[in-house]
Chemist: 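Mind having a look at this structure? Questions to follow.
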Amino acid sequence: MSENVVHLHKPTDTPTLDGTAPTVLTVVPDVPPARPMPLWVRSGRAVKSAVTHERTGATVRAVARHGAYTFNGGRIVARRTWDGKTGARYERMIRAAEAAGNLEAAEEWEERLQRFRAARHHRRMDLLHSPMEAAKGVAVGAGMSIGVLVALGVVMAVNNGDIADVITPLSATIDFIALLIRIVQVVWGPALTIGPFLALLALWAVGSKQQAAPAWALPANVRTGEGEPITPSIVVKALRDLGVPALRNAIKEMGDAGASMLGPIRIAGCGIEVDVTLPSGVSTIEVQNRRRKLAENLTRHEHEVFITIPQAARTVRLWVADSGALDEPIGPSPLVTDETMTADYAKGRAPWGQDLRGDAASLSLYQRHLLITGLSNQGKTVALRSLALWVALDKSVQFLMGDLKGVGDWAMFDGLATTLIQGPTDEHVIQVTEMVEGAVEEMNRRIQAPPGTVFPPLIVLVDEAQVAFMCPAVDEDKRPYGGSKAKSRYFMAVRKIHNQGRAVNVLMWQGTQDPTDQNLPKLVREGAHTRASLALGTESQARMALGDKAVDGGAAPNMLRPGLDRGTLVVASDGIAIPAGQASITVRTHYIDDDAAEALTDRAKALRDGVTTLHVIERGEDRDPLADIAGVVGDAARVRTQDVLKRLALLNEDAYGKWSFIDLKRVLDGTGAEPYKSDGVMVIGRDRLTRALANHDETGSASTAE
């Protein structure tokens, strides 16, 4: 039995007649039209767009600026007129002098005021009599004029034979006066109309010249202040807004005479320099501590303003650079551009760079220990190396060098320095320490020489000296190589050279970075006669680098910009020309690259007979004197016996420090390399030594130094 199934759900897909699937049509209702924006909203947006448009702002600023120029120009003219007619100017100057504590100037201005009042009273008294005298003068002048004209007419009448010519000159004069009256009548109306506009234009010109408008209304280049020249009014405003109440109140009491605090503004290199005498109650340190704010008030960056303390009391000296001038590089070193330049250690000065005024900055190295410090990668090695490159052109100078960085910055001195040790390890520190101790022994030998003996300069140079001070190694006697105690070998060797070295031309040059009490002990840094610092991080580091006196006098290497002021040094030394009253000077050093440095050392090597550079300090007891003599003679054709003895002593003090000519002759006798005379002095020849050394190697006979 079949059952019929009744579907209660209506099928959605109704088949078409041809059996294909039906097409489904989707009916989308129309989007209702957007509601119209209210008129007040559209009007508000249009008004806002018009008000905030750049052209509208420029127009408003222009209208406000020129209106302010005219109004404030009138105020300026009125004030000038008032000052000219009254004693207001003198009274302001008196108040300014009193506020500055300068009673002598106040008395002088008061005396000028009394003279001005007396002269003004005399002029006013003269006005009481002037009307009568003026009337008499007019009457007498008119009568004389008429008489002259009539006399002239009589002459014309006699000449022409016509009596009517007597009044011709007088009639012509009357006609001329009438013409003038008619011209005035014609011009008077337009003049009354144009005159006020001309007066307003004159007032606008005065206000425009003084920039007498609100800051927001001034042109963009004036508002930003880029390149704005420094004027007395700008300096006074900058000091007034410095945030020192006593200074602000004193300037307000001075009125427009605040510029009386300023000395002449002088062009100084790529900037200007001005001395500011501070009012009573204002300390120079208050201005120094606000260097950044003062620079911003002068529309400059902090690094473009330098504050120093000259010798005059209660005075600060401001040096303000032209905008962006300090970011421009200086020219190449004269050492590079002048291939004929030579050096004189005793009398010459090393061309180091330029000061902020743009003048050449040169440094005397004669008998001065040297210390250069700063943060890493600021140009310390290049600044130190440029001094060594200059003095190397004096062939009498000898070098002992230790580079505790060991990346080749001093490699060009190989063949020029007697000793060159390069590397950052403890073993390199030990070698450098023994090198410095050898210099101490040479210093002691020189001290014991007869009075009047002249010694060639010996410069002991250690770069990255902080590595030596921080070295933890100790010797067999438990004495540390590093540190700052009395048992520390490097520290004590440097101290001994600082104490007595300059008297016998043994000098200590050190370069170190990021100074602290641990890596640059106080006694060592204060033993340097020339102290220079690149950019540092803190004021305390600046005091370590340059000393309290220089920092208190305005030296601020901590204000230099790391990376941007690379190669800029603050120097405290009597070996460089420092402006009177200052304790330091800022120098932008010349950059000498490695290629130029190699060319300079090649020139220096050509001046010498040949130098054998040691890269390690020999410690052995048994030596071959003949080989050592050949080594110190080097590539020179001949060397004086005295120079050979000195080089042997530097090579190994223990073995050769006490040698004399007799010892030298004893070793060379029978070898074929005996000393002989050349140009009146005893010398040792390289060729003879070479043959003697070859025979020595063949026979195997070696002499031992006693």
Side-chain angles (χ1 to χ4, degrees), residues 47-93 95-96 113 116-117 119-120 123-124 127 130-131 134 177-241 251-260 262 265 297-299:
V47 171
K48 180 181 178 181
S49 176
V51 170
T52 58
H53 196 275
E54 183 178 353
R55 291 183 180 177
T56 304
T59 302
V60 171
R61 283 195 298 271
V63 171
R65 177 169 66 252
H66 295 294
Y69 283 167
T70 305
F71 177 76
N72 291 326
R75 291 178 56 199
I76 293 172
V77 171
R79 184 154 193 169
R80 290 175 180 174
T81 304
W82 178 257
D83 286 345
K85 297 296 183 181
T86 67
R89 178 187 292 108
Y90 301 94
E91 292 174 356
R92 283 201 307 275
M93 299 302 291
R95 290 196 301 271
L113 175 60
F116 168 79
R117 287 175 174 172
R120 183 179 61 183
R123 290 194 301 271
R124 289 177 177 176
L127 289 176
S130 58
I177 294 173
L179 176 63
L180 293 179
I181 293 174
R182 285 195 296 272
I183 292 174
V184 170
Q185 289 175 341
V186 172
V187 173
W188 184 255
L192 289 178
T193 304
I194 300 175
F197 293 100
L198 295 177
L200 290 176
L201 181 61
L203 296 179
W204 175 90
V206 173
S208 174
K209 185 176 181 180
Q210 298 292 327
Q211 296 290 337
W216 60 268
L218 294 174
N221 61 333
V222 178
R223 289 200 308 273
T224 57
E226 293 296 332
E228 184 178 1
I230 300 298
T231 62
S233 61
I234 290 176
V235 176
V236 171
K237 289 178 182 177
L239 293 170
R240 182 195 64 193
D241 300 335
I251 292 176
K252 286 183 177 179
E253 291 179 7
M254 295 177 189
D256 286 347
S260 62
L262 309 182
I265 295 181
N297 290 348
L298 293 169
T299 64

Chemist: Looking only at non-hydrogen atoms, find the nearest pair between A238 and L298 and report the distance.
Modeler: CB-CD2, 3.6 Å

Chemist: Considering all heavy atoms of both residues, which atom of P196 and which atom of A191 are nearest to each other, and what is their separation?
Modeler: CD-O, 4.4 Å

Chemist: Working to the nearest 0.5 Å, report the span between CZ of R117 and OG1 of T86.
Modeler: 9.5 Å

Chemist: To the nearest 0.5 Å, what is the distance between CG (N297) and CZ (R240)?
Modeler: 9.5 Å

Chemist: How many angstroms lie between atom CG of L239 and atom CG of L262, to the nearest 0.5 angstrom?
Modeler: 7.0 Å

Chemist: Is the closest side-chain heavy-atom distance between H66 and T70 below 4.5 Å?
Modeler: no

Chemist: More than 12 foreign heavy atoms under 6.0 Å from CZ of R120: is that the case here?
Modeler: yes

